Enquirer: 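After the structure tokens below, expect a handful of questions from me.
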Amino acid sequence: MGIRSVIQLGDVRLRSQAQPIQHLDDPQLQQLIDDLLATAAAKNGVGIAAPQVAEGLQLFIVASRPNPRYPEAPTMEPIAMINPHILNHSDDQVKGWEGCLSVPGKRGFVPRYREIEVTYLDRDGHDHRQHLQDFVARIFQHEYDHLQGKVFLDRVEHPDDILTEAEYQNRFNCP
């Protein structure tokens, strides 16, 4: 299929709990992973979750790289994370600006744990346990929220912590 349409805030599917994936060898699952990778790249996302393309499955991509939406993002190989879980997190939280492909035109100043320990299956069914921190930990937590039916706006602590994309770009002198 390739690049998928991203559903927007207001679509009830974005607020639904995602279901665990049972059969990793399903060709449709492998195609969905490829589609999510292509969609994130095409739309300048640093991550994308299956619920954002109307697939209620516990799957997301973490794909940090500098792009017009996140010019300071660190570069990493994109990773498909299946049935992910947060095992542990630091006590400290840090606020950072987030946007979302499903909430176009908005940015929010969102508190997230600075460090997390996670587990997930990769697309080949291999179990991984990883320590993530800073921006990559933020991406994981943002995408993990989608599996719970949440968006970043649910985590914003004050109305002043929400900006339009244009105001964000202007205020922070983004290219």
Side-chain angles (χ1 to χ4, degrees), residues 1-70 73-89 98-106 110 112-113 115-155:
M1 288 180 80
I3 299 168
R4 300 254 190 133
S5 294
V6 176
I7 63 175
Q8 306 295 302
L9 189 63
D11 188 313
V12 295
R13 295 171 292 181
L14 203 57
R15 295 304 198 158
S16 299
Q17 290 269 336
Q19 298 304 306
I21 294 171
Q22 304 297 328
H23 304 287
L24 275 67
D25 57 348
D26 182 343
Q28 290 181 332
L29 174 65
Q30 295 300 320
Q31 183 61 56
L32 174 59
I33 291 169
D34 290 339
D35 292 354
L36 287 172
L37 289 164
T39 303
K43 298 188 182 287
N44 290 317
V46 291
I48 191 168
Q52 292 181 269
V53 297
E55 298 285 347
L57 299 171
Q58 291 184 11
L59 161 66
F60 58 72
I61 305 297
V62 173
S64 180
R65 73 201 182 294
N67 66 54
R69 292 178 67 233
Y70 296 98
T75 301
M76 63 178 280
E77 282 298 312
I79 303 170
M81 298 182 171
I82 299 167
N83 299 336
H85 293 284
I86 298 175
L87 300 173
N88 205 350
H89 57 76
E98 295 182 18
C100 182
L101 299 174
S102 292
V103 187
K106 301 279 184 217
V110 182
R112 300 279 186 191
Y113 294 110
E115 297 180 56
I116 55 176
E117 184 180 2
V118 303
T119 185
Y120 62 92
L121 298 172
D122 66 22
R123 71 183 306 162
D124 298 316
H126 298 115
D127 196 16
H128 293 265
R129 187 177 184 137
Q130 254 184 305
H131 177 88
L132 304 174
Q133 60 187 33
D134 301 320
F135 191 69
V136 176
R138 177 172 296 282
I139 297 169
F140 185 101
Q141 291 169 85
H142 177 107
E143 302 308 334
Y144 189 77
D145 275 355
H146 281 301
L147 305 186
Q148 316 305 315
K150 295 180 188 271
V151 296
F152 75 92
L153 295 173
D154 299 328
R155 300 229 181 247

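Quick note: numbers below take in every heavy atom, side chains included, and nothing from hydrogens, waters or symmetry partners. Keep in mind that this is a model prediction, so the values were computed, not measured.
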Enquirer: Run the salt-bridge test on Arg123 and Asp34 with the 4.0 Å N-O cut-off and return the result as yes or no.
Expert: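 Result for this pair is yes, salt bridge flagged.
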Enquirer: How far apart are the closest heavy atoms of Ile33 and Ala80, and which atoms are they?
Expert: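 Heavy atoms only, the tightest pair is CG2-CB, 3.7 Å.
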Enquirer: Which of these passes side chain to side chain donor-acceptor pair (under 3.5 Å) with Glu117: Arg129, His89, His85?
Expert: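 Only one option passes, and that is Arg129.
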Enquirer: Under the rule for side chain to side chain donor-acceptor pair (under 3.5 Å), what residues qualify as partners of Tyr120, not counting sequence neighbours?
Expert: Gln130
Enquirer: Could you name each residue pair satisfying ring pair (Phe, Tyr, Trp, His ring centres under 6.0 Å) that touches residues 12-46, not counting sequence neighbours?
Expert: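 Output for this query is empty, none listed.
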Enquirer: The criterion is ring-ring contact (aromatic ring centres under 6.0 Å, His included); which residues satisfy it with His131, sequence neighbours excluded?
Expert: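 In terms of ring-ring contact (aromatic ring centres under 6.0 Å, His included), with neighbours along the sequence ignored, His131 is linked to no residue.
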Enquirer: Any salt bridge (charged side-chain N to carboxylate O under 4.0 Å, His left out) pairs touching residues 6-25, not counting sequence neighbours?
Expert: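 Found Asp11-Arg13, Arg15-Asp154.
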Enquirer: Can you confirm whether Ser102 sits close enough to Val151 that some side-chain heavy atom of one is under 4.5 Å from a side-chain heavy atom of the other?
Expert: no
Enquirer: Would you call Glu98-Arg155 a salt bridge at under 4.0 Å N-O?
Expert: no
Enquirer: May I ask you to check whether Asp35 and Gln31 show a side-chain donor-acceptor distance below 3.5 Å?
Expert: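 Yes, side-chain donor-acceptor contact under 3.5 Å.
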Enquirer: What closest approach, in Å, do Gly45 and Arg69 show between heavy atoms, and which atom pair accounts for it?
Expert: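 Where Gly45 meets Arg69 most closely, the heavy atoms are CA-NH1, 3.7 Å.
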Enquirer: For Pro51 and Leu57, work out which heavy atoms get closest and say how close.
Expert: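 Looks like CD-O, 3.7 Å.
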Enquirer: Less than 4.5 Å apart, any side-chain heavy atom of Glu143 and any of Pro84?
Expert: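 Glu143 vs Pro84: side chains apart.
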Enquirer: Taking all heavy atoms of Ala42 and all of Ile3, pick out the closest pair and write down the distance.
Expert: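 Here Ala42 and Ile3 meet closest at CB-CD1, 3.4 Å.
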Enquirer: Is there side-chain contact between Tyr113 and Gln133, with at least one heavy-atom pair below 4.5 Å?
Expert: no
Enquirer: Flag the pair Leu121 / Ile21 as yes when at least one side-chain heavy-atom distance between them is below 4.5 Å, and no otherwise.
Expert: no
Enquirer: Can you find a heavy atom in the side chain of Val46 that is under 4.5 Å from one in the side chain of Asn67?
Expert: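 They are in contact (side-chain heavy atoms under 4.5 Å apart), so the answer is yes.
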Enquirer: Determine which pairs satisfy salt bridge (charged side-chain N to carboxylate O under 4.0 Å, His left out) with at least one residue from residues 37-61, sequence neighbours left out, and list them in order.
Expert: Arg4-Glu55
Enquirer: Just so I know, are the side chains of Leu101 and Ile48 near enough to count as touching, which here means a heavy-atom distance under 4.5 Å?
Expert: yes
Enquirer: Is there a side-chain contact between His142 and His146 in this structure, where contact means two heavy atoms from C-beta onward sitting under 4.5 Å apart?
Expert: yes
Enquirer: Any ring pair (Phe, Tyr, Trp, His ring centres under 6.0 Å) pairs touching residues 40-62, not counting sequence neighbours?
Expert: Phe60-Phe140
Enquirer: Testing the basics here: between Val136 and Pro74, what is the closest heavy-atom pair and its distance to 0.1 Å?
Expert: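 Here Val136 and Pro74 meet closest at CG2-CG, 4.3 Å.
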Enquirer: Between Gln17 and Leu147, is there a side-chain heavy-atom distance shorter than 4.5 Å?
Expert: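 With C-beta onward as the side chain, the pair stays apart.
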Enquirer: How far does CZ of Arg138 sit from CG of Asp134, to the nearest 0.5 angstrom?
Expert: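 Atom-to-atom, Arg138:CZ and Asp134:CG are 9.5 Å apart.
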Enquirer: List the steps, then state whether side-chain contact (heavy atoms from CB on, under 4.5 Å) holds for Arg112 with Val110.
Expert: CA-CA 6 Å; Arg112 300 279 186 191; Val110 182; 3.6 Å; yes
